[in-house]
Structure formats: structure tokens, C-alpha cells
Amino acid sequence: VKIIALDLDKTLLHNNGDVSKYSLNILKKCQEYGILVAIATARSEFSAKKYVELINPDIVITSGGAVARVGEKILHKALISQTMVNSIIKDGLSHPSVECIRIMGEKHELSNNTNVPKGKKDYGHYDYSDLSEPLKEAAWKIQFETKDISFLQKIQRKYPECTLVSYVNENLHKLANVKANKRDAMLSVCDYYKIKMENVAAFGDDSSDYELLVAAGYGVVVENGITKVKDIADYISESNENDGVAKFIETNILKVKIDV
């Protein structure tokens with residue numbers, strides 16, 4: 001294994017958002033033994049920032065694979081065009097089932113959620129906008145809160161350049177560039193380092209991890225992961241609450257590296 005790719009929420013992180021000292025120590029040991037550590041998260045750069053600073057990974061993949069970078073060097077970038085963003089927003093605003101739209105733009109993060117207390121930001125980083133004015137930038141992804149998935153499926157068919165991802169147990173869905181996925185982002189990373197995907201160990205729990213888990217040489221799903229990804233996993237680790245990722249790495253990757 002030459003690259004370890006880690007999802008954050010409900011995979012590496014505990015349910016309260018913490019990373020254990022044990023996990024941090026294991027990841028540091030990986031780097032000491034020459035294994036590259038990658039964060040591969042659905043979070044935006046802003047939302048992932050504190051974990052990037054804490055873990056100090058070699059590779060950062062954010063927005064579900066819309067962007068991949070090594071330091072400041074961008075290796076992969078997959079946006080929804082400005083024209084398409086505004087068209088999708090218009091469709092969303094006109095549909096009665098849509099409770100909220102969030103735009104993760106290239107420069108701004110906006111939400112029309114009116115339930116956020118005054119002076120606060122939606123999810124801590126989305127600025128309020130009624131989205132009545134056209135955006136002047138492309139976007140990494142567009143999120144919708146709606147119970148009507150059929151409406152979003154129609155939008156996706158209208159814009160085949162986009163893919164639709166639904167979050168489990170939530171009325172939350174996202175549209176993103178079809179190349180904005182963790183697999184394509186990791187392929188760009190592998191090309192940069194001249195490493196084969198068979199030398200990547202990927203860890204995840206949810207639908208957004210599916211393509212990377214299938215493509216990686218080792219696809220590891222935490223015990224608390226959804227059935228869809230467990231069914232295609234090469235290995236099932238202990239849960240995120242039990243530091244399943246770090247325990248798997250220590251036993252199955254680091255131990256092999258040390259013994260060799």
C-alpha cells in the first residue's frame with residue numbers, strides 16, 4: 001500500500017467529530033514509513049480545514065472529489081459551469097418541494113435556508129442569499145433539501161453533465177459535475193505520483209465512497225457503513241467509534257510494512 005485514502009465523517013471521525021490521538025499517531029506512522037495519507041471527503045475546503053491542519057495529510061480531496069490537491073498544486077478540478085448553476089437554481093426555486101438550496105461556489109458558499117438564526121451561518125459556513133440574483137461563478141456542488149427525489153432525477157436527466165447523489169437517512173441530495181467523484185480525483189493523484197490504483201487502500205462508509213472503494217486495491221468499509229458499500233468491500237473494519245480505520249491500518253498495513 002502506497003496511499004491511504006480516508007473519508008472523514010462516520011469513517012475516521014468519531015460521531016462527535018473528534019479524531020482520536022490513537023488514529024493521529026497511526027497516520028503519522030504511515031507517513032514515517034513512506035505511505036502517503038490522503039483525506040477524501042465530501043466536505044468543502046472550508047469545512048475540512050481544521051482536519052487538514054490536524055492530520056497534515058499529503059493529499060487533500062474535498063467536495064466529494066470535485067477537487068484534489070497536493071499542497072497548493074491542483075491535480076483535479078471538476079466544476080458545474082456558471083450557466084448551468086444558474087439554470088439549476090432557477091429550476092430548484094420554482095419547485096414547491098424544495099425546502100433549501102445550498103451552493104458551494106468556487107468563491108462563495110450560499111444558502112437560502114431561512115431557518116438559520118440571525119447572525120449565524122447555515123452549517124457554519126454558508127452565507128444567506130435568496131438566490132434571486134444570478135451567480136457569477138461556477139460551483140463545486142449544489143445541495144437540495146427535498147423529499148421529492150423524482151424532481152431531482154428529472155433535473156439530472158436534463159443536465160447529463162451532472163451526477164445526483166443522495167445522502168442516507170436525510171432529505172439531502174447534491175448535484176455535481178459527473179467527474180466530481182473520489183475515484184476520478186484519486187486517479188489524478190495516482191497519475192501525479194506514478195502509483196497504481198491497486199496500491200491504494202480506501203476507507204469509507206457511504207455512497208460517495210462507492211466508486212473509490214471499488215477502484216482501489218483495498219476497499220475497506222467501517223462496520224457502521226451502509227449496506228451498499230459493505231456489499232462491495234474487500235474488508236469490513238470495526239466502527240468509526242471504535243477507531244476501526246486506525247486498527248485496520250495498524251494490523252493489516254503497518255504491521256506488514258514493519259515485518260518486511
Side-chain angles (χ1 to χ4, degrees), residues 1-43 47-62 64-65 68 70 167-169 181-183 185-186 189-190 193 195-260:
V1 173
K2 296 181 179 180
I3 300 177
I4 289 173
L6 307 162
D7 177 48
L8 290 178
D9 295 279
K10 297 183 180 179
T11 300
L12 179 67
L13 307 186
H14 290 174
N15 292 336
N16 64 2
D18 288 344
V19 185
S20 71
K21 290 183 179 179
Y22 167 61
S23 291
L24 290 173
N25 183 51
I26 290 298
L27 296 179
K28 185 177 180 181
K29 282 185 178 180
C30 286
Q31 291 173 314
E32 290 172 353
Y33 278 96
I35 301 171
L36 298 168
V37 173
I39 284 177
T41 178
R43 288 175 178 250
S47 182
K49 183 179 178 182
K50 66 178 181 180
Y51 297 110
V52 171
E53 293 174 348
L54 180 66
I55 298 167
N56 192 29
D58 304 282
I59 302 147
V60 178
I61 297 171
T62 52
V70 173
Y167 297 88
V168 177
N169 299 324
N181 63 76
K182 296 179 183 182
R183 177 198 60 206
M186 184 53 67
V189 169
C190 287
Y193 282 107
I195 291 173
K196 295 180 180 179
M197 281 291 282
E198 65 190 55
N199 298 122
V200 175
F203 295 81
D205 75 294
D206 208 341
S207 297
S208 64
D209 304 306
Y210 186 92
E211 293 93 344
L212 178 55
L213 289 166
V214 170
Y218 305 86
V220 186
V221 176
V222 285
E223 190 278 330
N224 53 286
I226 66 171
T227 301
K228 177 182 176 180
V229 291
K230 278 180 158 181
D231 285 346
I232 53 87
D234 297 307
Y235 304 94
I236 305 293
S237 74
E238 290 187 39
S239 72
N240 63 319
E241 285 291 276
N242 290 331
D243 289 329
V245 169
K247 287 179 180 177
F248 184 93
I249 292 171
E250 183 176 36
T251 303
N252 299 283
I253 298 176
L254 277 181
K255 188 177 186 299
V256 173
K257 197 85 172 175
I258 293 168
D259 287 347
V260 171

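For clarity, every value in this text was computed on a predicted model and none was experimentally measured. What you see below is based on every heavy atom in this structure, not just the backbone, and it leaves out hydrogens, waters and symmetry mates.
Taking 4.5 Å as the limit, some side-chain heavy atom of Leu54 sits within range of a side-chain heavy atom of Val19. Proximity of Glu250 to Tyr22: side-chain heavy atoms (C-beta onward) are separated by under 4.5 Å at one or more points. The side-chain heavy atoms of Val245 and Thr11, taken from C-beta on, include a pair separated by under 4.5 Å. Side-chain contact check for Asp243 versus Glu238: every heavy-atom pair is 4.5 Å or farther apart. The side-chain heavy atoms of Ile59 and Val37, taken from C-beta on, include no pair separated by under 4.5 Å. Side-chain contact between Ile253 and Ile4: present, with at least one pair of heavy atoms (C-beta onward) separated by less than 4.5 Å. Put simply, the side chain of Glu198 does not reach to within 4.5 Å of the side chain of Val1, judged on heavy atoms. Side-chain atoms of Leu254 and Ile26, non-hydrogen and from C-beta on, do get closer than 4.5 Å to each other.
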Please list every donor-acceptor pair under 3.5 Å in which a side-chain atom of residues 213-230 meets a protein atom from a residue at least two apart or in another chain.
residue: Asn224; atom: OD1; partner: Asn240; partner atom: N; Å: 2.9
residue: Asn224; atom: ND2; partner: Lys10; partner atom: O; Å: 2.9
residue: Asn224; atom: ND2; partner: Asn240; partner atom: OD1; Å: 3.3
residue: Lys230; atom: NZ; partner: Glu223; partner atom: O; Å: 2.6

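Note: Thr62 OG1 to Ile39 CD1 = 9.5 Å, rounded to the nearest 0.5 Å. To the nearest 0.5 Å, the span separating CE on Met186 from CD1 on Ile195 amounts to 9.0 Å. The structure places CG of Leu13 at 5.0 Å from CG of Leu8, a figure rounded to the nearest 0.5 Å. Between the CG atom of Leu6 and the CG atom of Leu27 there is a distance of 5.5 Å, given to the nearest 0.5 Å. Going from atom CG of Asp7 over to atom OG of Ser208 covers 5.5 Å, rounded to the nearest 0.5 Å. Between atom OG of residue Ser23 and atom CG of residue Leu12 there is a gap of 5.0 Å, rounded to the nearest 0.5 Å.
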task = List the steps, then state whether side-chain contact (heavy atoms from CB on, under 4.5 Å) holds for Asn242 with Lys247.
result = CA-CA 8 Å; Asn242 290 331; Lys247 287 179 180 177; 4.2 Å; yes
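Residue Tyr235 qualifies as open at atom OH: its count of foreign heavy atoms under 6.0 Å is 12 or below.
Here the closest non-hydrogen pair linking Pro57 and Val60 is CG-CG2, 3.8 Å. For Met197 against Leu212, the heavy-atom pair with the smallest separation is CE-CD1, 3.9 Å. Contact record, Ser237 with Phe248: CB-CB, 4.2 Å, taken as the closest heavy-atom pair.
Under the side-chain contact (heavy atoms from CB on, under 4.5 Å) criterion, Glu241 pairs with His14, Asn15, Ser239, not counting sequence neighbours.
Side-chain N or O atoms of Asn56 include none that pairs as donor or acceptor with a backbone N or O of Glu53 at under 3.5 Å. No side-chain donor-acceptor contact under 3.5 Å links Asp18 to the backbone of Ser20. In this structure, the side chain of Tyr33 does not engage the main chain of Lys28 through any donor-acceptor pair within 3.5 Å. Checking side-chain atoms of Asn25 against main-chain N and O of Lys21 turns up no donor-acceptor pair under 3.5 Å.
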